[in-house]
> 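Just dropping this structure here.
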Amino acid sequence: MMSSLDLRDTAMPTLQIALDLGAMQPRLATLLGADYQLRAVDVLKYKPGRRCALAYTLQTPAGQARVFGKVFATGRGAGILLTQGRIFEALDPAVLRIPRPLGYLADLKLLLTEFLEGCLLADELYRGDTVRSAQRMGAALAAFHGSGVICAKRWTIARELSNAVRTCEESMLEPGRARAIELEIRRAAATVTVVAEVPVHRDYYLDQLFDCDQQTALFDLDDARQGEAALDLGNFLAHLTLRPLQFPEVASACAAARAPFLASYCSAASPIPGLMARTCIYEATSLLRLAGVYAGRPRWADSIPVTLMDRCESVLSREDS
């Protein structure tokens with residue numbers, strides 16, 4: 001966690017107000033309608049020019065509490081609030097929790113939600129409780145996909161692939177090879193029928209899932225769209241490939257997590273013909289995108305991207321067989 005900073009961002013001029021305790025005290029009082037004093041605000045994650053995640057600490061008659069906030073450079077928080085509210089109402093918290101949306105301050109471009117306290121479910125998976133943790137992650141995704149919510153925006157394999165290729169181009173990662181992989185993914189996608197669309201998270205991977213009082217919680221619904229279930233499955237599997245390349249000590253846990261994750265998902269979700277074939281396609285696409293992402297990160301640029309492209313081609317070969 002970062003401490004509160006004097007963040008002057010020309011793309012997010014309202015961020016300075018969101019960080020000002022005096023300015024935020026009456027605004028939050030009006031929104032939350034609670035008897036409290038605003039004691040602190042901390043910066044959790046900051047992406048200059050795009051968004052900034054905050055934690056507001058409140059003193060209430062019952063003790064301290066926290067509220068999560070996120071300032072955006074654009075007005076997209078209003079749509080996120082609406083989608084997250086629908087999904088929150090549709091989910092059974094015994095299977096999957098998401099933060100309860102609290103409100104949106106349009107003039108500040110500030111989205112406010114419940115702050116769920118917990119620990120990373122991935123840590124349990126790495127420490128040895130691999131099967132049970134992977135099963136929880138699979139069941140949670142099935143619950144999310146099965147919520148019945150219809151998102152206002154759609155996401156397709158064409159857009160996902162275009163995003164992956166653009167990321168590789170921006171990082172100058174083997175453009176010829178990236179284009180060849182793109183063509184192979186397009187060829188594979190054209191041979192497998194698109195399956196029914198569901199609400200998809202679009203960034204579903206290990207670090208988005210927490211254990212909150214023995215309940216599974218999912219965070220960061222900013223990019224939720226209507227799309228294929230295989231998108232989230234493929235992205236999750238791609239991250240199981242990525243993490244051991246970063247941290248070799250988690251390799252055995254990540255390898256052991258694949259089968260129980262998929263089995264748990266398939267057991268809890270409605271049957272989807274062709275799901276695994278589409279999952280391979282999205283897994284390859286996610287690996288290609290991650291190769292581009294990590295080509296732009298100096299710590300990993302020399303070791304990870306080319307290996308991810310190798311794995312991408314391997315997944316496509318598996319899909320062909």
Side-chain angles (χ1 to χ4, degrees), residues 1-88 93 96-123 201-213 215-224:
M1 179 187 300
M2 302 164 58
S3 61
S4 299
L5 301 173
D6 182 21
L7 298 178
R8 300 186 183 276
D9 191 324
T10 57
M12 293 189 292
T14 65
L15 181 55
Q16 281 300 112
I17 302 174
L19 290 167
D20 186 321
L21 297 182
M24 291 307 299
Q25 171 73 39
R27 290 171 180 267
L28 292 180
T30 299
L31 178 65
L32 304 176
D35 179 16
Y36 73 90
Q37 289 294 317
L38 181 56
R39 295 300 188 193
V41 55
D42 292 292
V43 177
L44 304 178
K45 191 172 184 179
Y46 174 47
K47 291 196 172 183
R50 298 174 62 187
R51 57 188 177 271
C52 185
L54 308 169
Y56 292 100
T57 300
L58 317 175
Q59 186 65 46
T60 75
Q64 281 198 344
R66 289 204 286 179
V67 169
F68 179 83
K70 188 177 285 187
V71 178
F72 295 93
T74 67
R76 63 193 297 248
I80 295 170
L81 179 78
L82 181 62
T83 298
Q84 190 159 337
R86 290 173 175 168
I87 295 173
F88 176 85
L96 177 64
R97 292 179 66 184
I98 65 169
R100 178 168 58 92
L102 300 176
Y104 178 66
L105 301 180
D107 61 327
L108 298 184
K109 297 184 175 64
L110 173 61
L111 175 68
L112 295 159
T113 72
E114 174 186 16
F115 195 108
L116 292 178
E117 303 282 357
C119 58
L120 273 171
L121 192 53
D123 288 343
H201 185 275
R202 280 195 58 224
D203 197 23
Y204 194 86
Y205 71 107
L206 295 90
D207 292 355
Q208 300 284 27
L209 293 146
F210 279 66
D211 182 286
C212 299
D213 295 326
Q215 292 180 315
T216 305
L218 175 63
F219 292 86
D220 194 7
L221 276 69
D222 295 0
D223 294 320

> I'd like to know whether D207 forms a side chain to side chain contact (heavy atoms under 4.5 Å, CB included) with F219, so could you lay out the CA-CA distance, the side-chain angles of the two residues, the decisive distance to 0.1 Å, and finally the verdict.
CA-CA 9 Å; D207 292 355; F219 292 86; over 6 Å; no
> Around D107, counting heavy atoms of other residues, nucleotides and ligands shown, do more than 12 lie under 6.0 Å from its CG?
yes
> What is the distance from atom NZ of K70 to atom CD1 of I80, rounded to the nearest 0.5 Å?
7.0 Å
> Would you say L120 and L209 make side-chain contact, with heavy atoms under 4.5 Å?
no
> How many angstroms lie between atom CG of L19 and atom OH of Y56, to the nearest 0.5 angstrom?
6.5 Å
> Look up atom CG in L102 and atom CZ in F68, then write down how far apart they are to the nearest 0.5 Å.
11.5 Å
> Taking Q25 for its side chain and L38 for its backbone only, find out whether a donor-acceptor pair lies under 3.5 Å.
yes
> Quick check: do L110 and R27 have side-chain heavy atoms less than 4.5 Å from each other?
no
> Using the salt bridge (Lys or Arg N to Asp or Glu O under 4.0 Å) rule, take D223 and R76 through it: C-alpha gap first, then chi angles, then the decisive distance, then the call.
CA-CA 10 Å; D223 294 320; R76 63 193 297 248; 2.9 Å; yes
> Is there a side-chain contact between F115 and L44 in this structure, where contact means two heavy atoms from C-beta onward sitting under 4.5 Å apart?
yes
> Looking only at heavy atoms, which two atoms of G22 and P26 are closest? And how far apart?
O-CD, 3.2 Å
> Would you say Q215's side chain and P93's backbone share a donor-acceptor pair under 3.5 angstrom?
yes
> Determine whether a donor-acceptor pair (N or O, by modelled atom type, separation under 3.5 Å) exists between the side chain of D211 and the backbone of L121.
no
> State, with a plain yes or no, whether a side-chain heavy atom of L111 is found less than 4.5 Å away from one of R51.
no
> Looking at CZ of R97 and CG of D213, how far apart are the two atoms once the value is rounded to the nearest 0.5 Å?
7.0 Å
> Checking side chain to side chain contact (heavy atoms under 4.5 Å, CB included) for the pair L108/V71: CA distance, chi angles, key distance, verdict?
CA-CA 7 Å; L108 298 184; V71 178; 6.0 Å; no
> Measuring from E114:CD to Q84:CD, what's the distance to the nearest 0.5 Å?
10.0 Å
> Using a 4.5 Å cut-off on heavy atoms from C-beta on, say whether the side chain of L112 contacts that of L28.
yes
> Could you state the interatomic distance from CG (L221) to CG (L81), rounded to the nearest 0.5 Å?
11.5 Å
